[in-house]
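Read the structure below first, then the notes.
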Amino acid sequence: QVQVMESGGGSVQAGGSLRLSCVVEGLSYSHFLLGWFRRTPRKEREGVAAVGGLGTTNYASSVKGRFSISADFAKNTLYLQMNALKPEDTAMYYCAAQESFAYYPVPPLGADEYKYWGQGTQVTVAS
């Protein structure tokens, strides 16, 4: 049974930083996809960042250069470091995971690629 749980959301002023954490248990870390998504009342779920089993990463164009995805396998934890935050980054952020033996030179940002989801953590960026 794979379990996914996010934490680290909160409120911050524009230009500030936050780091989201996601504990993923029950997943084989040698074969996986891990990703961060976000959703607002006005926008469908959007892929933000993803990492594949060999360490390849992918970012949405809207966050490239500002957000960074990383994983600490010893702690079963995925991170999303968010810098230079903007009001338009305000959303519910979700962590997602999938067991996969495929090699992803560009890990996908489509939600359909992921089977296991957390409950979400709210990020609010004030202008």
Side-chain angles (χ1 to χ4, degrees):
Q1 182 75 18
V2 178
Q3 295 184 324
V4 180
M5 183 173 292
E6 309 94 336
S7 63
S11 297
V12 65
Q13 294 290 319
S17 297
L18 279 175
R19 188 176 78 159
L20 305 183
S21 299
C22 173
V23 176
V24 182
E25 295 183 344
L27 189 68
S28 167
Y29 275 90
S30 62
H31 305 94
F32 63 84
L33 278 174
L34 299 171
W36 287 98
F37 293 77
R38 64 187 182 188
R39 183 165 60 190
T40 69
R42 296 183 179 181
K43 202 170 183 179
E44 292 293 324
R45 189 164 41 187
E46 171 192 26
V48 175
V51 59
L54 294 180
T56 53
T57 58
N58 188 21
Y59 296 91
S61 57
S62 58
V63 307
K64 197 171 293 185
R66 300 188 297 123
F67 290 12
S68 178
I69 188 171
S70 62
D72 184 337
F73 300 144
K75 297 181 179 179
N76 290 351
T77 303
L78 179 72
Y79 300 101
L80 183 69
Q81 178 66 44
M82 304 185 294
N83 299 325
L85 281 161
K86 305 175 181 180
E88 52 263 43
D89 294 319
T90 295
M92 183 71 78
Y93 282 72
Y94 298 88
C95 176
Q98 174 64 300
E99 293 176 308
S100 174
F101 286 83
Y103 168 62
Y104 293 96
V106 181
L109 294 175
D112 291 345
E113 300 283 345
Y114 298 79
K115 180 177 181 180
Y116 306 103
W117 292 83
Q119 295 299 308
T121 185
Q122 179 67 38
V123 171
T124 301
V125 184
S127 57

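For reference, positions follow the sequence shown, starting with 1.
- Linking ILVMFWY residues whenever their side-chain heavy atoms come closer than 4.5 Å, directly or via other members, places Val2 and Phe73 in the same cluster.
- Contact between Thr77 and Ser21 at its shortest, heavy atoms only, is CG2-CB, 4.2 Å.
- In terms of heavy-atom proximity, Ala49 sits nearest to Leu80 at CB-CD1, 4.1 Å.
- For residues 102-121, there are no salt bridge (charged side-chain N to carboxylate O under 4.0 Å, His left out) pairs, not counting sequence neighbours.
- Placement of Leu109 and Val63 in two distinct hydrophobic clusters is found when ILVMFWY residues are connected by side-chain heavy-atom separations under 4.5 Å, directly or transitively.
- Note on residues 97-127: no pairs pass disulfide bond (SG atoms under 2.5 Å apart), not counting sequence neighbours.
- Atom CD of Glu25 and atom OH of Tyr116 lie 14.0 Å apart (nearest 0.5 Å).
- Separation of atoms CZ (Phe67) and CG (Leu20) is listed at 8.0 Å; rounding is to 0.5 Å.
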Scan the side chains in residues 88-97 for donor-acceptor partners under 3.5 Å anywhere in the protein, sequence neighbours excluded, and list what turns up.
from: Asp89; atom 1: OD1; to: Arg38; atom 2: NH1; distance (Å): 2.9
from: Asp89; atom 1: OD1; to: Arg66; atom 2: NH2; distance (Å): 3.0
from: Asp89; atom 1: OD2; to: Arg66; atom 2: NH1; distance (Å): 2.7
from: Asp89; atom 1: OD2; to: Arg66; atom 2: NH2; distance (Å): 3.4
from: Asp89; atom 1: OD2; to: Lys86; atom 2: N; distance (Å): 2.8
from: Thr90; atom 1: OG1; to: Pro87; atom 2: O; distance (Å): 2.9
from: Thr90; atom 1: OG1; to: Val125; atom 2: N; distance (Å): 2.8
from: Thr90; atom 1: OG1; to: Val125; atom 2: O; distance (Å): 3.4
from: Tyr93; atom 1: OH; to: Arg38; atom 2: NH1; distance (Å): 2.9
from: Tyr93; atom 1: OH; to: Asp89; atom 2: O; distance (Å): 2.6
from: Tyr94; atom 1: OH; to: Arg39; atom 2: NH2; distance (Å): 3.2

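- Checked by atom type and distance alone, the side chain of Ser100 never pairs as donor or acceptor with a backbone atom of Gln98 at under 3.5 Å.
- Leu34 and Ile69 make their closest contact through O-CD1, 4.0 Å (heavy atoms, listed as atom of the first residue, atom of the second, distance).
- Across Gln13 and Ser127, no two heavy atoms sit closer than the pair OE1-O, 3.8 Å.
- Neither Tyr59 nor Phe37 shares a network with the other; the hydrophobic side chains, linked directly or stepwise wherever heavy atoms of I, L, V, M, F, W or Y lie under 4.5 Å apart, form separate groups for each.
- Between the side chain of Glu6 and the main chain of Cys22, no donor-acceptor pair closer than 3.5 Å is present.
- Taking both residues in full, the closest heavy atoms of Gln81 and Ser17 are given as NE2-CB, 4.0 Å, listed atom of the first, atom of the second, then distance.
- Grouping the Ile, Leu, Val, Met, Phe, Trp and Tyr side chains by contacts below 4.5 angstrom, directly or via other members, places Val48 with Val12.
- Side-chain atoms of Pro107 and Thr56, non-hydrogen and from C-beta on, do get closer than 4.5 Å to each other.
- The minimum heavy-atom distance between Trp36 and Tyr79, with the atom names listed, is NE1-O, 3.3 Å.
- For Tyr114 (side chain) and Pro108 (main-chain N/O), a donor-acceptor pair under 3.5 Å exists by modelled atom type.
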